[in-house]
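One structure below.
Chain letters run A, B, ... following the sequence lines, proteins first and then strands; every chain starts at 1.
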Amino acid sequence: MDRTASWAQIFVDQFRAFGVEFLNYLPDYVGDQIVQIAEREGSFQIVRLAREEEGVGLVAGQHLGGRRGALIVPTAGIGNSINAIASLGVPYAIPLPMIIGRRGGLGEINPTQTTLGRALPKILESMGILTIEIESADDLQSRVYGGLQSAFRCEEPVAFLVSFQLAGWKQ
Amino acid sequence: MPWMDRVEATRIAAELLTDELVVCSTPMVSSYVRALAHRDRNFYLLNSMGMACSVGLGLALARPDRRVVIFDGDGAVLMNAGALTTTAAHWPTNLVHVVWNNASYEATGGQASHAAGRTDLCTLARGAGLEQCAVADTLDDFRQGFRSCLRDPGPWFLVANVQGRKEDVAGRVLRERPEAIKKRFLDAADAQ
């Protein structure tokens, strides 16, 4: 699992470099690789959620408290969070990095994941949200750095869609 | 027995608040607070129904040095009831969640919410793990209950059974734009 660990380590290192303290998380196969490293390193507060939309509110509240958070959730959870992103994340200028386990892309095994998964980049882009599709480790560090820089400096939601190709095929 | 007057209850909340950070849910809840209990340390949601619970939790986790008060509505709690389990899991002792319960959707014409039927909000919260719940039916109950919540270790879930009179406050909160609400709040919260 060295390959998978290395991509997740880049996210964890960049979170730390940007002063992210809270990882707001609903388990999925992709995000779990990040959270496992973060838990091992112990320098983050992991906030487990019951529904992904809560995480939009949590990151907003952490920002109102002068601290930085990120949201780590699966594709379906962003579908559950669209109005929160549109009505809270965007208009209140919330720095909201969203690390999304991409479903419905190459190698999907569950037909109920394909419709939202394929629409999601278009939905996010139609809301004006910077959407970064991550399919390989090439240039990963600068893409993660750039996305977090945009989120925190422009104070806006930014989506990272992490694919099976990088995170490992689901069987 | 008629439920307590929401305008008077909000005025009592305004009297008792000191340096707390406040999160208000939805334009209707926010309008009452904006009109009757406005402070620079109040944050108002203009949409995002159900999110006040989560914004308040995030703020409470980020600012353990401050007490955080959420003013919520019954409809919003019902919309995001699972979030109460997240609050219970993280157990923020500085959080006070007040629900103005009018058992209806006041902003859209007063249609009944499930809180008007078989659902009991305090039991719901208790089942989620927030066993520190209280119900206030009268203004005196509310004054006593809210004062305790501001003083004693939380998290607290306080259901205030109220009747509204929205004509006094309607639309008040929409005079301030979202980014201005945030900036004012951040300036006031950081200044302390």
Side-chain angles (χ1 to χ4, degrees), chain A residues 19-27 35 44-73 76-78 80-98 127-128 151-152 154-157, chain B residues 21-23 25-27 41-66 68 70 72 76 79-90 92 94-95 128-129 176-192:
Chain A
V20 172
E21 295 176 84
F22 294 95
L23 301 182
N24 303 277
Y25 167 62
L26 198 122
V35 170
F44 299 91
Q45 195 166 335
I46 312 287
V47 182
R48 289 190 162 69
L49 310 170
R51 178 180 163 92
E52 300 87 344
E53 184 188 25
E54 296 168 26
V56 177
L58 272 144
V59 172
Q62 289 149 8
H63 173 60
L64 292 174
R67 297 169 74 183
R68 291 181 171 181
L71 180 60
I72 302 178
V73 294
I78 296 298
N80 288 341
S81 308
I82 293 296
N83 187 56
I85 296 166
S87 65
L88 174 56
V90 175
Y92 288 90
I94 306 299
L96 174 62
M98 300 179 282
M127 292 162 69
F152 290 113
C154 294
E155 301 198 319
E156 62 179 13
Chain B
L21 304 175
V22 170
V23 174
S25 158
T26 72
R41 292 183 293 273
N42 287 4
F43 180 79
Y44 302 109
L45 287 162
L46 303 181
N47 181 334
S48 322
M49 192 162 171
M51 282 290 98
C53 179
S54 304
V55 174
L57 175 60
L59 181 57
L61 294 174
R63 290 295 300 266
D65 60 316
R66 288 275 158 206
V68 173
I70 301 165
D72 216 341
M79 185 170 283
N80 194 21
L84 300 176
T85 67
T86 302
T87 301
H90 298 284
N94 58 334
L95 186 63
E176 199 178 14
R177 293 195 51 88
E179 279 203 67
I181 292 171
K182 184 187 91 166
K183 182 172 187 318
R184 169 184 48 70
F185 178 91
L186 283 173
D187 289 346
D190 283 344
Q192 294 172 53

Query raised in the report: In Å and rounded to the nearest 0.5 Å, what is the OH to CZ distance from Tyr92(A) to Phe185(B)?
Result: 12.0 Å

**Report entry** Option in Ala180(B), Ala60(B), Ala83(B), Pro178(B) with maximal non-hydrogen atom pairs under 4.5 Å from chain A
**Finding:** Pro178(B)

Query - Proximal component of Ala89(B), with respect to chain A [non-hydrogen, under 4.5 Å] - result: neither

Query raised in the report: Looking at Leu58(A), Ile85(A), Leu88(A), which one has more heavy-atom pairs under 4.5 Å with chain B than the rest?
Result: Leu58(A)

Query raised in the report: Between Thr85(B), Leu46(B), Val68(B), Val23(B), which has the largest tally of heavy atom pairs under 4.5 Å with chain A?
Result: Leu46(B)

Report task. Please flag which part of Ile46(A) lies under 4.5 Å from any non-hydrogen atom of chain B: side chain, backbone, both or neither. Result -> backbone

Query - chain A contact via Ile181(B) - which portion, at a heavy-atom distance below 4.5 Å - result: side chain

Query raised in the report: Given side chains that start at C-beta, do those of Val55(B) and Val56(A) come closer than 4.5 Å, heavy atoms only?
Result: no

Query - Distance (rounded to the nearest 0.5 Å) between Arg63(B) CZ and Arg67(A) CZ - result: 9.5 Å

Query raised in the report: Given that the side chain runs from C-beta out, which part of Gln45(A) has a heavy atom under 4.5 Å from chain B: side chain, backbone, both or neither?
Result: side chain

Query raised in the report: Which is it for Lys182(B) and His63(A) under the side-chain contact (heavy atoms from CB on, under 4.5 Å) test, yes or no, and what are the steps along the way?
Result: CA-CA 10 Å; Lys182(B) 184 187 91 166; His63(A) 173 60; 2.9 Å; yes

Report task. Identify which part of Val59(A) has an atom lying under 4.5 Å from any heavy atom of chain B, answering side chain, backbone, both or neither. Result -> neither

Report summary line: Distance col, row Leu49(A):CG vs His90(B):NE2, nearest 0.5 angstrom, shows 7.0 Å

Query - Heavy-atom pairs under 4.5 Å with chain B, option from Ala60(A), Ala50(A), Pro91(A) with the top count - result: Pro91(A)

Query raised in the report: How far does CD of Glu54(A) sit from CG of Leu84(B), to the nearest 0.5 angstrom?
Result: 9.0 Å

Report summary line: Smallest heavy-atom separation, Leu186(B) atom then Leu64(A) atom, equals CD2-O, 3.5 Å

Report task. Working to the nearest 0.5 Å, report the span between CG of Asn83(A) and CE of Met51(B). Result -> 9.0 Å

Query raised in the report: Looking at Leu61(B), Asn80(B), Leu57(B), which one has more heavy-atom pairs under 4.5 Å with chain A than the rest?
Result: Leu61(B)

**Report entry** Closest non-hydrogen atom pair, Gly65(A) against Ala62(B)
**Finding:** CA-CB, 4.0 Å

